[in-house]
Each structure stands twice: as structure tokens, then as C-alpha cells.
Amino acid sequence: MRDLFSSDLKMSSIPMEDADVSFLVQFPMPLSNDSIFEKLNSETKWLHEEIVVWGKRHLQPRLTAWYGDPGRSYTYSGTVMFPMPWTNLLLSIKRELESIVDARFNSVLLNLYRDNNDSMGFHSDNEPSLGKEPTIASLSYGATRTLLFKHKKKVDLPVKAISLTSGSMMLMQGPTQSFWKHGINKESKRCDSRINLTFRNILK
Ligand SMILES: O=C(O)CCC(=O)C(=O)O
Ligand SMILES: [Mn+2]
């Protein structure tokens, strides 16, 4: 493993109570951020899935796709999903990630925010299949969107806003999912598409 906080990788720790969140401005890859965005946009088998909110079915306000090792099913809003096999690009991103982060990943959830009207509701990545203190690496390509963190109990703590710029990598570890929810609101101003990749390790 390379030293995450060495100067060439410029990983900075984000000061937050009851959490372990760090941020790398530029995830190192041999392709440009724009070419990675274009390749992911065109190669991914995007799905427009439904979610059930208060017993009512809705289309998710974004497109998604799940890739990973075979045999790792994932339960999401009551639906069991099976991953698509790794593409060369996703595998090369995963390998680079595993060389700089002290964790292994066997799946990635991709989110495509088509424009400013797409969003992600507040949630914690705390499904039992992710284990107790999951390490989740989140990469962003395309338009910048703002991720908001809200503490679940200490409601007087300010909301923490993180600007997820193209090429950045955010790492959530330790107690982050137990104490905080995160989400991405719609924006009032028009913006281009953004692709997010959240690498996870699904336990058997
Ligand atoms: O788009 C993002 O940065 C957030 C994605 C996310 O929280 C998730 O997929 O669980
Ligand atoms: Mn999440």
C-alpha cells in the first residue's frame, strides 16, 4: 500500500466528529478525467430502477448500474440485485484504488446524475452485508455536485458540505456510516451529467 498522506497523493482528512472521511483531489489514472467520464457514460449498462418510498413505487432520480465479482447479490430497497461482470476500465480503477487504500473491494455501484434535477436521498451505507464499519471509496467524474453530511443524533452540528469535483476520490471509513447520513440535493442551476462510483466490499 502507498502512503495515503504522502505529498504526491495529497489525501486530506476532513475534520468531522464521529467520522473518518478523507478526500483526494485527483485520483491517479493514465486516462484524463474527461475520457474516463466518456467511457463510463457509453460503456455502462445504465438502468432506471424503481424504489419504494412509504409503500409507493417511484423511479429513482438518477440511473444506476452495479458491477462486481460474481455471486455477490446485493439487497437494495427490497430488491435483490446481481452484479454485471467487471469491465476492463472498472477493474483498472479498482486495482489503482486498492494500491492506495488499505481495503479490498468486490463491487461498485455506479450512479449517473443526468443533470441538476437528479439527486440521491439522505441515507447511510449501513446494510448488514457491508459489515460493521465499512470502507467505501467514492469517485466522481463530470459535473461537480455537492455531497451533504448530516449527523444522525447531534442535530446542532452543522451540515458538512463536500464539493465532489471531477477526478476526486472521497473515502468514508470507521464510524462514518453509524453516525452520519449523506445525500445529494437537486440543484436549481442547470448542470451537466456526473458519474459517481462507490466501491464497496459485500460480505458473503
Ligand atoms: O453520488 C454520490 O457521490 C453519492 C453516492 C452514494 O452515496 C451511494 O451510492 O451510496
Ligand atoms: Mn451512499
Side-chain angles (χ1 to χ4, degrees), residues 1-2 4 9-14 19-31 33 35-37 39-41 43-47 49 60 62-76 81-113 120 123-142 145 147 149 162 164-178 180-184 194-204:
M1 193 196 52
R2 285 190 256 158
L4 272 184
L9 284 166
K10 292 194 179 67
M11 190 93 190
S12 50
S13 171
I14 297 189
D20 181 347
V21 180
S22 43
F23 188 78
L24 179 63
V25 175
Q26 181 59 62
F27 181 73
M29 283 291 286
L31 295 173
N33 295 336
S35 5
I36 295 176
F37 175 89
K39 252 175 118 53
L40 290 171
N41 197 24
E43 285 180 3
T44 306
K45 302 257 183 298
W46 295 109
L47 299 173
E49 303 264 37
Q60 287 186 339
R62 65 188 174 278
L63 306 186
T64 57
W66 189 40
Y67 286 75
D69 294 356
R72 302 277 163 168
S73 63
Y74 184 63
T75 308
Y76 183 82
M81 297 181 13
F82 292 90
M84 306 275 301
W86 292 105
T87 62
N88 289 338
L89 176 59
L90 290 173
L91 212 49
S92 62
I93 298 175
K94 170 180 127 77
R95 290 194 178 128
E96 181 59 32
L97 198 52
E98 289 176 338
S99 82
I100 60 174
V101 168
D102 185 19
R104 290 287 166 271
F105 302 98
N106 59 19
S107 59
V108 60
L109 176 68
L110 289 97
N111 294 295
L112 171 62
Y113 300 79
M120 164 83 77
H123 67 280
S124 303
D125 295 311
N126 59 358
E127 295 87 8
S129 63
L130 294 172
K132 200 168 165 291
E133 293 202 324
T135 293
I136 295 170
S138 170
L139 275 75
S140 297
Y141 291 101
R145 297 291 297 262
L147 184 85
F149 278 100
I162 300 179
L164 298 175
T165 45
S166 193
S168 68
M169 192 267 282
M170 187 190 68
L171 195 64
M172 298 184 281
Q173 302 182 90
T176 312
Q177 306 303 326
S178 312
W180 295 80
K181 281 178 181 278
H182 55 273
I184 294 193
R194 164 178 181 261
I195 293 174
N196 162 259
L197 302 90
T198 58
F199 284 85
R200 299 142 190 264
N201 191 50
I202 312 285
L203 309 174
K204 275 238 186 264

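Residues: numbered from 1 along the sequence shown.
For the pair W66 and S73, the tightest heavy-atom approach, listed with the atom from each and the gap, is CH2-C, 3.8 Å. Across every non-hydrogen atom of T135 and F105, the tightest pair is O-CE2, 3.5 Å. The two residues S22 and S13 make their nearest non-hydrogen contact at CB-CA, 4.0 Å. For the residue pair L171 and A137, the shortest heavy atom distance occurs at CD1-CB, 3.8 Å. Here the shortest heavy-atom pairing between R62 and L112 reads CB-O, 3.3 Å.
Residues passing the ring-ring contact (aromatic ring centres under 6.0 Å, His included) test with F149 are H182, sequence neighbours excluded. For M29, the side-chain contact (heavy atoms from CB on, under 4.5 Å) partners are F27, I36, L89, S92, I93, E96, Y141, not counting sequence neighbours. With sequence neighbours excluded, the residues satisfying side-chain contact (heavy atoms from CB on, under 4.5 Å) with K181 are F122, S124, K152.
The side-chain heavy atoms of E133 and D20, taken from C-beta on, include no pair separated by under 4.5 Å. Contact check for D125 versus L130: side-chain heavy atoms found under the 4.5 Å cut-off. In this structure the side chain of T176 never reaches within 4.5 angstrom of the side chain of I136, judged on heavy atoms. Residues K204 and R72 have side chains in contact (heavy-atom distance under 4.5 Å, counting atoms from C-beta outward). Taking 4.5 Å as the limit, some side-chain heavy atom of I100 sits within range of a side-chain heavy atom of P28.
Without hydrogens or angle criteria, W46 side chain to L110 main chain gives no donor-acceptor distance under 3.5 Å. Side-chain atoms of S168 do not come within 3.5 Å of backbone N or O of V25 as any donor-acceptor pair.
Here CZ of F37 is found 11.5 Å from OG of S140. Values are rounded to the nearest 0.5 Å. To the nearest 0.5 Å, atoms CD1 (I184) and OH (Y113) are separated by 4.0 Å. One distance of note links CZ of R194 with OG of S166; it measures 9.5 Å at 0.5 Å rounding. Here CG of N106 is found 4.0 Å from CG of N201. Values are rounded to the nearest 0.5 Å. Remark: T87 OG1 to E43 CD distance equals 5.5 Å, nearest 0.5 Å. Taken to the nearest 0.5 Å, the CG atom of L109 stands 8.0 Å off from the OG atom of S107.
Using cut-offs of 30° and 60° for the angle between ring planes, the F199 and W86 rings count as parallel.
Under the side-chain contact (heavy atoms from CB on, under 4.5 Å) test applied with L40, the options L139, L90, N196 reduce to a single match, L90.
Judged by distance alone, the side chains of N111 and Q60 never bring a donor and an acceptor atom under 3.5 Å apart.
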Exercise. What do the steps show when you test I202 against E127 for side chain to side chain contact (heavy atoms under 4.5 Å, CB included), and what is the final call?
Worked result: CA-CA 9 Å; I202 312 285; E127 295 87 8; over 6 Å; no
